[in-house]
Amino acid sequence: MRLSRYFLPILREAPKEAEIVSHRLMLRAAMIRQEAAGIYAWLPLGLRVLNKISDIVREEQNRAGAIECLMPTIQLADLWRESGRYDAYGAEMLRIKDRHEREMLYGPTNEEMITEIFRAGVRSYKDLPKNLYHIQWKFRDERRPRFGVMRSREFLMKDAYSFDLDAAGARVSYNRMVVAYLRTFARLGMKAIPMRADTGPIGGDLSHEFIILAKTGESAVFCHKDFLDFEAPPADVDFDDAGGLQAIVDKWTSLYAATEEMHDEAAFAAIPADKRLTARGIEVGHIFYFGTKYSEPMKAVVAGPDGATVPVHMGSYGIGPSRVAAAIIEASHDEGGIIWPEAVAPFRVGLVNLKPGDAACDAACEDLYAKLEAAGVDVLYDDTDERPGSKFATMDLIGLPWRLVVGPKGLVNGQVELKRRAGGAAESLTPEAALNAVL
Ligand SMILES: Nc1ncnc2c1ncn2[C@@H]1O[C@H](COS(=O)(=O)NC(=O)[C@@H](N)CS)[C@@H](O)[C@H]1O
């Protein structure tokens, strides 16, 4: 992509209302723009990151056997009356009326709707287990949306829903999602720790939040330090091996880890002092088992092995890709700006022409640009006539993994300059060597 043709309205200063670093940097790097309180437009650079995060979430849901669908954002109020949550959900629900005065709502979550879809499509226990998910925008009329997209009113969520014959089967589905989440956050370059959590308006009696540690996290968290050395399960983990899955979950839930709401000071004190970690955390995922809470009132039943109809046992599993984009920045930035993990960077290479109009620089840049594009490497080519200092500041701000600089002096010696954003000094090398380093 040539920067001269892109849309990247960088801000030199962050608006004063931006209190946390990710909010400041996302605004300044032209990733998002606020359109109303808690409601954001995702500008081109931010959307590339959001899509990369969503693609990784999708790949790991699919690997775990979940099946993607797409439910609407607008739902009928009557559907929520069936579960009894329409009134209970409270002021966070955006209630609307259509032209026929029909009561509708902008979905904050989809337990009722997926249960309705399931009950219309499944009859027998032989069709179980099932896990259906989608990646869809949600609306929650938070009283105090703040911190940019970290706690916004409209936000993107992957929400998956599992259906099993009984609690034992539902536990296996729950464990599949724990393993999928551990893999997902590891691929996103984050260290996420599952912590026993409160179930809140979703309900049920088994729930874990996936928390990443970050200095500006909204909540205080308490956990055993050994978690920091745990490796995520491998890509070839067997999602049909219930015993193996349980062993992984046992390992990841055996050590102490609790959010503020669930913290047990005595249990924490029982951990050796040098192994106690108190930190701030950001909730990037939240999973729940809630049995027949929705299937009972909504009559989502299947014929069991003995022929009797039974309500299915369900769980729901959420990740917030829009919050994850901010959380990654909280965990990975420096004074110059964002430092994207390679897996989610909007572009892999920032190609900087120090002297557009200089024949040698233009030719070298065009050659490098063409070769990188041909190799399938996402390149943002700064071909503008901004001053060099401004070009370097922009590349540091938007946090691309590699910066490749072409200048007249270097070219005289057949050299270009390559610098990895995540630390490391700039090095001079031939264009060929630079290409090989970033491929
Ligand atoms: N206001 C918000 N802004 C940004 N992300 C949010 C917001 N509220 C929730 N999320 C994200 O969505 C995830 C799931 O939200 S949740 O309420 O915990 N769970 C559910 O809604 C369940 N239906 C899971 S499918 C959270 O872990 C968080 O990553």
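Position 1 is the first residue of the sequence, and the numbers go up from there. Start at 1 and go down the list; that is how both ligands and their atoms are numbered. Worth saying up front: this structure is predicted, and the values here are computed from it rather than measured.
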Shortest protein contact, atom 26 (C) of ligand 1 (heavy atom only)
Glu283 OE2, 2.9 Å
Over-ring placement of Arg153 relative to Phe139, 6.0 Å and 45° cut-offs
no
Of all the atoms in ligand 1, which lie at a distance below 4.0 Å from a heavy atom belonging to Glu142?
1 (N)
Quick note on ligand 1: atoms under 4.0 Å from a heavy atom of Glu111 include exactly 22 (C), 23 (N)
Closest approach of any protein heavy atom to atom 10 (N) of ligand 1, naming residue and atom
Phe155 CE1, 3.5 Å
Acceptor/donor pairs from residues 337-344 side chains to any protein atom, 3.5 angstrom cut, sequence neighbours excluded:
| residue | atom | partner | partner atom | Å |
| --- | --- | --- | --- | --- |
| Trp340 | NE1 | Ile398 | O | 3.1 |
| Glu342 | OE1 | Arg348 | NH1 | 2.6 |
| Glu342 | OE2 | Arg420 | NH1 | 3.1 |

Which ligand 1 atoms does Met150 reach within 4.0 Å, using its non-hydrogen atoms?
3 (N), 4 (C)
Heavy-atom contact under 4.0 Å between Lys138 and ligand 1?
no
Protein contact to atom 19 (N) of ligand 1 [nearest heavy atom, distance to 0.1 Å]:
Phe288 CE1, 3.6 Å
If you compare Val284, Ile287, Asn110 by their heavy atoms, the one closest to atom 29 (O) of ligand 1 turns out to be Val284
Counting heavy atoms only, which of Gly38, Pro108, Gly320 is nearest atom 13 (C) of ligand 1?
Gly320
What protein heavy atom sits nearest atom 12 (O) of ligand 1, and how far away is it?
Met157 CE, 3.8 Å
For atom 24 (C) of ligand 1, grab the closest protein heavy atom and report residue, atom and distance to one decimal in Å.
Gly318 N, 3.4 Å
Ligand 1 atoms in contact with Asp159 (distance to a heavy atom under 4.0 Å):
25 (S)
Mind jotting down which residue pairs meet the side-chain hydrogen bond (donor to acceptor under 3.5 Å, both in side chains) criterion with at least one end in residues 113-125? Sequence neighbours excluded, please.
Glu82-Arg119
Using a plain distance cutoff, I'd like to know if Ser152 has any nitrogen or oxygen under 3.5 Å from a nitrogen or oxygen of ligand 1.
yes
Please state which option from Arg140, His134, Arg151 has its nearest heavy atom closest to atom 20 (C) of ligand 1.
Arg140
Distance-only N or O hit between ligand 1 and Thr109, under 3.5 Å:
yes
May I ask you to list the atoms of ligand 1 that are less than 4.0 angstrom from any heavy atom of Gly285?
27 (O)
Residues Asp78, Arg81: salt bridge by 4.0 Å N-O rule:
yes
